[in-house]
Amino acid sequence: MPKVAASKTEKTEKKSAGGAKKKSSPYNVFMKNELAKLKEKHPDMPHKERFKTAASSWATAKENPKNK
């Protein structure tokens, strides 16, 4: 009888089990916080616009290692 291939979810579950989480980059931490702030201030603004605004703020942010 032929073997049936494992589904994609079974494969990904096996890979992710027991693995350590990578540390978030300063950019990712900044974007997460900035997007949350913008969502509170401008709940009607589309996500795409919030993301553009937050990304442009990164250039001058103190959290940006290039600005130190």
Side-chain angles (χ1 to χ4, degrees):
M1 187 174 229
K3 288 186 177 182
V4 178
S7 69
K8 283 187 176 187
T9 55
E10 289 175 359
K11 287 180 183 179
T12 55
E13 286 175 11
K14 289 179 184 176
K15 287 181 184 178
S16 63
K21 240 183 173 181
K22 284 178 72 176
K23 184 179 175 188
S24 296
S25 70
Y27 176 78
N28 288 343
V29 172
F30 173 81
M31 289 299 285
K32 183 177 180 181
N33 293 333
E34 194 69 16
L35 288 170
K37 288 179 195 174
L38 287 170
K39 192 170 187 174
E40 279 184 24
K41 289 181 184 178
H42 308 285
D44 297 332
M45 182 186 280
H47 176 75
K48 189 173 183 179
E49 289 297 318
R50 281 195 301 264
F51 201 89
K52 283 181 186 179
T53 305
S56 63
S57 299
W58 172 248
T60 57
K62 65 179 181 174
E63 292 91 341
N64 188 341
K66 290 184 178 181
N67 294 336
K68 292 183 180 182

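Each residue takes its place number in the sequence, starting with 1.
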Peer 1: Closest approach of His47 and Leu35, non-hydrogen atoms and distance?
Peer 2: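 Shortest heavy-atom separation between His47 and Leu35 comes out as CE1-CD1, 4.3 Å.
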
Peer 1: Would you name the heavy atoms of Phe30 and Ala54 that are closest together and state the gap between them?
Peer 2: CE2-O, 3.5 Å

Peer 1: If we ignore hydrogens and angles and just use 3.5 Å, is the side chain of Asn67 paired with the main-chain N or O of Ala59 as donor and acceptor?
Peer 2: yes

Peer 1: Listed by chain and number, what are the side-chain contact (heavy atoms from CB on, under 4.5 Å) partners of Pro43, not counting sequence neighbours?
Peer 2: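 Residues passing side-chain contact (heavy atoms from CB on, under 4.5 Å) with Pro43: none at all.
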
Peer 1: Does Asn33 use its side chain to pair, donor to acceptor, with the backbone of Val29 at less than 3.5 Å?
Peer 2: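 Yes.
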
Peer 1: Measure the acute angle between the ring planes of Trp58 and Tyr27, then classify it against the limits of 30° and 60° as parallel, tilted or perpendicular.
Peer 2: perpendicular

Peer 1: Drop me the distance from Lys23's NZ to Asn28's CG, to the nearest 0.5 angstrom.
Peer 2: 12.0 Å

Peer 1: Cluster question for you: counting only ILVMFWY and a side-chain heavy-atom cut-off of under 4.5 Å, with indirect links fine, are Leu38 and Met31 together?
Peer 2: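 The answer is no; the residues belong to distinct hydrophobic clusters.
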
Peer 1: With rounding to the nearest 0.5 Å, note down the distance linking OG1 in Thr53 to NE2 in His42.
Peer 2: 7.5 Å

Peer 1: Just verifying a value: how many Å separate Glu63 CD and Lys68 NZ, rounded to the nearest 0.5 Å?
Peer 2: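 Rounded to the nearest 0.5 Å, the CD-NZ separation comes to 8.0 Å.
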
